Amino acid sequence: MDLGRGVGGRPLEEGVKIVDQGIDAGTRTLRRQGRKRTRGEIAAAAALAQLGVPFSWGGGTSTGPTLGIGRGARTRGFDCSGLTLYAWARAGVKLGHYTGTQFRQGRRIPLSARRTGDLIFFGGGTGDPTHVALYLGGGLMIHAPKTGDVVKKTAFLTSPYYRAAYRGMTRPG
């Protein structure tokens with residue numbers, strides 16, 4: 001698996017600007033292109049609107065950030081699966097609030113076929129994955145990483161940590 005290559009074996013850097021322009025510029029760019037946004041693009045835009053929201057263990061529903069449970073009981077925010085559940089709910093797709101459930105809910109996608117909005121799973125050895133993020137394009141993901149952190153973008157394809165923990169991708173819907 002070559003995580004540093006995009007479609008057709010081109011280095012990811014060649015595709016970063018094209019993929020990221022639609023997401024970062026929001027609906028204005030997509031409307032100018034004269035096409036309707038995909039569900040994945042809607043989910044990505046919803047997740048991006050949550051940048052900086054605190055991590056909260058067990059937090060997040062289809063309507064937005066919530067108080068979590070246990071360690072997150074005093075923090076309004078999202079855990080990793082709560083963020084992806086919320087983002088995909090904005091696109092009209094219902095996901096469970098557990099990383100392992102989300103791993104089984106979508107269609108498996110090879111890394112080489114990734115698209116904006118696909119879910120990326122990490123960790124867990126041979127059991128359920130322990131972390132989920134949403135793919136933005138250009139090697140970037142958005143996720144709620146851990147207690148004490150906030151929803152943020154991370155370049156997972158160039159991260160030794162995330163490359164080593166990569167488990168697979170799914171496409172909800």
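These figures come from a predicted structure and were not determined experimentally.
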* Is there side-chain contact between L119 and Y135, with at least one heavy-atom pair below 4.5 Å? -> no
* To do: Enter the distance from L140:CG to L134:CG here, rounded to the nearest 0.5 Å.
  => 11.5 Å
* Answer yes if Y161 and L111 sit in the same cluster of Ile, Leu, Val, Met, Phe, Trp and Tyr residues linked by side chain heavy atoms under 4.5 Å apart, and no otherwise. => yes
* Asked: Distance-only, no hydrogens or angles: does the R90 side chain make a donor-acceptor pair with backbone N or O of A87 under 3.5 Å?
  -> no
* Asked: When you measure from the side chain of R163 to the backbone N and O of L157, does any donor-acceptor pair fall under 3.5 Å?
  -> yes
* Structure fact -> The side-chain contact (heavy atoms from CB on, under 4.5 Å) partner of S56 among I69, D79, T75 is T75
* To do: Could you tell me whether a side-chain N or O of Q105 sits under 3.5 Å from a main-chain N or O of G96, the two making a donor and an acceptor?
  => yes
* Asked: Distance from M169 atom CE to R115 atom CZ, nearest 0.5 Å?
  -> 10.5 Å
* Structure fact -> Residue set satisfying side-chain contact (heavy atoms from CB on, under 4.5 Å) with R167, at least two apart, ordered chain then number -> F103, F121, P129
* Ignoring hydrogens and angles, state whether a donor on the side chain of Q102 or T170 is under 3.5 Å from an acceptor on the partner side chain. => no
* Structure fact -> Here the ring pair (Phe, Tyr, Trp, His ring centres under 6.0 Å) pairs for residues 80-99, sequence neighbours left out, are F78-Y86
* Asked: Is any NZ, NE, NH1 or NH2 atom of the basic residue among K36 and E41 found under 4.0 Å from an Asp or Glu carboxylate oxygen of the other?
  -> no
* Heavy-atom closest pair, residues G117 and P172 -> O-CD, 4.4 Å
* To the nearest 0.5 Å, how far apart are CD1 in I142 and NZ in K153? -> 7.5 Å
* Classify the ring geometry between H131 and F122 as parallel (under 30°), tilted (30 to 60°) or perpendicular (over 60°). => tilted
* Structure fact -> Applying side chain to side chain donor-acceptor pair (under 3.5 Å) to T154 and not counting sequence neighbours gives H143
